[in-house]
There are 2 protein chains.
Amino acid sequence: MNSQDVILGLLHRAPLSGYEIKQKLEMPLSFFFDASFGTIYPTLAKMEALGYIVKESVVQEGRPNKNVYSLTSEGRAQFEQYLHSPVENDSYRSDFLVRMFFGEYTDQETLADWIRDEIRKTDAEAVQLERMKTEWGKDMPASKTLCLDIGIELNESKAQTLREALKRLTGADD
Amino acid sequence: MNSQDVILGLLHRAPLSGYEIKQKLEMPLSFFFDASFGTIYPTLAKMEALGYIVKESVVQEGRPNKNVYSLTSEGRAQFEQYLHSPVENDSYRSDFLVRMFFGEYTDQETLADWIRDEIRKTDAEAVQLERMKTEWGKDMPASKTLCLDIGIELNESKAQTLREALKRLTGADD
DNA sequence: CCGAGCATGTAAGGGGTTACATGATTGG
DNA sequence: CCAATCATGTAACCCCTTACATGCTCGG
């Protein structure tokens, strides 16, 4: 799974420009996948060269023109091929947990600060995902709702574990 | 946070060879950080050139010789610098959730298969982490235990959410 | 007037992966 | 005899990030 596969998926519903693709990636997709403009634009160019998408320039008033891309049948076939490839393992990378792992080389106050900060970030993400669910959760297919549910559950249980750990570490203040 | 920082952290306790570093990375570190030999050996060479570590060849009987690396004071200083750098955000990448996100373009049976497979993987990781905790959890600093607890909690709540989703999708069989 | 939003792109570099290459020993 | 474990390394490649470059419009 890479940027190309995700872009193919996004273009399945409707033609989009690079800028619009970046916006669609914001949330909830950004919870488990991300891409910058430095990836999106070169990928679109490559996909056009491969015949997976076609470009159409759209002239706008009061705004810069945009290049809107739509899927070709080759693009749709390529997306099918992705869906038939083996599912890759999830990968979770955490600087925070690496620091906890080496926690014996750091003082308690720094550890507590890191944990408090992680709680803040985790809570913020959970809230954001919950807001999304109440806003758009109604007319979403069940599989898409699952993405939101997993995001919410993961963040909430992580925050809870962090809170318990903080209590044990600082001795109930905070 | 990159491979160099993690290797510096591992060498803090005792000198290790590249092969031994790879083993230390297996679990529980591999839950939130991973590196292959193709990363480890070049990184060690680079670190030696920078003066962060020194190499010592250890002759072994019945086994190939190994190059054991130990931290220098520059290496220890470099690790301190890492600990004083801003904490990077966690990143979670999931091919599985991307497929769920685009679930409307796939049939129910395939979706159910993907979910069952994800449950299997998630359960397996939870079990593995729990085994680690009961085995080595006693004489671990609290911060290190937190890594295991987060790993266990995250996997368990993910598995639970997946099971509920599967029930809703297939209608309680399975 | 300045910053934010809209819009597209490039170039350099970082940080990894996979596969290849080699070779000894031990246990089934 | 074959596979696994121990052990080190290289080369090609992939995929992505950051920073830079450009430029227009609208609202405060």
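Just so it is clear, the model here is predicted, and its values are computed rather than measured. The basis for the numbers below is simple: all heavy atoms, side chains too, and nothing from hydrogens, waters or symmetry mates. Just so it is clear: chains get the letters A, B, ... in the order the sequence lines come, proteins before strands, and each one is counted from 1.
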If each of B:Pro42 and A:Gln4 is mapped to the nucleotide of DNA chain D with the nearest heavy atom, which maps nearer the 5' terminus, i.e. the 5' end? B:Pro42

Which of these nucleotides, D:dC16, C:dC6, C:dG15, is closest to any side-chain atom of A:Ser3? D:dC16

Before you tell me yes or no, could you show the steps for B:Lys158 and B:Glu118 under salt bridge (charged side-chain N to carboxylate O under 4.0 Å, His left out), namely the whole-Å CA-CA distance, both residues' side-chain angles and the distance that decides it to 0.1 Å? CA-CA 9 Å; B:Lys158 184 172 151 193; B:Glu118 194 72 13; 3.2 Å; yes

Of the options D:dC15, D:dT8, C:dC6, whose atoms approach the side-chain atoms of A:Asn2 most closely? D:dC15

Could you check which of C:dT8, D:dG9, C:dG16 has an atom nearest any side-chain atom of A:Arg93? C:dG16

Using atom NZ of B:Lys46 as one end and atom C1' of D:dT10 as the other, report the distance to the nearest whole Å. 17 Å

Would you check if there is a donor-acceptor pair between the side chains of B:Gln78 and B:Glu74 at a distance under 3.5 Å? no

Looking only at side-chain atoms of B:Lys55, point me to the closest of D:dC6, D:dT10, D:dG9. D:dG9

If I take atom CD in residue A:Gln60 and atom P in nucleotide D:dT25, what distance separates them, rounded to the nearest angstrom? 12 Å

Between B:Lys55 and B:Tyr69, is NZ or CZ placed under 6.0 angstrom from the six-membered ring centre and within 45° of the ring axis? no

What is the distance, to the nearest angstrom, from the OH atom on A:Tyr19 to the P atom on D:dC24? 17 Å

Separation of atom CD1 in B:Ile21 from atom P in D:dA7, rounded to whole Å: 13 Å

Look at B:Gln23 and D:dC6 and indicate whether a side-chain polar atom (N or O) is within less than 4.0 Å of OP1 or OP2. yes

Rounded to whole Å, CD1 of B:Ile7 lies from C1' of C:dG16 at a distance of 13 Å

Can you confirm if the aromatic rings of B:His12 and B:Phe79 lie within a centre distance of less than 6.0 Å? yes

Tell me what B:Thr43 touches on the nucleic acid: a base, only sugar-phosphate, or nothing, going by heavy atoms under 4.0 Å. nothing

Should A:Thr39 be listed as having a side-chain N or O under 4.0 Å from OP1 or OP2 of D:dT17? yes

Name the residue closer to the 5' end of DNA chain C, choosing between A:Gly62 and B:Ser36 according to the nucleotide with the nearest heavy atom. A:Gly62

Phosphate OP1/OP2 of D:dC24 contacted by A:Asn65 side-chain N/O (<4.0 Å): no

Quick one: does B:Leu154's side chain get under 4.5 Å of B:Phe31's, heavy atoms only? yes

Establish, for the pair A:Arg99 and B:Tyr82, whether the NZ or CZ atom is under 6.0 angstrom from the six-membered ring centre and no further than 45 degrees off its axis. yes

Categorize B:Gly18 for me: base, sugar-phosphate, or nothing, with a 4.0 angstrom heavy-atom threshold over every strand shown. sugar-phosphate

Between A:Asp34 and A:Glu61, the residue closer to the 5' end of DNA chain D by nearest nucleotide is A:Asp34

Nearest to side-chain heavy atoms of A:Asn67, which nucleotide of C:dG9, D:dC16, D:dA7: C:dG9

Nearest whole Å is fine: how far is C:dC6 P from A:Glu20 CD? 10 Å

Per atom distances to the B:Tyr69 side chain, the nearest of D:dA7, D:dG9, C:dT8 is D:dG9

Phosphate OP1/OP2 of D:dT25 contacted by A:Arg63 side-chain N/O (<4.0 Å): no

Testing D:dC15, D:dT8, C:dA7 for proximity to the side chain of A:Lys66, the answer is C:dA7

May I have the distance from A:Phe37 (atom CZ) to D:dC16 (atom P), rounded to whole angstrom? 16 Å

Rounded to the Å, how far apart are A:Leu16 CG and C:dC6 P? 15 Å

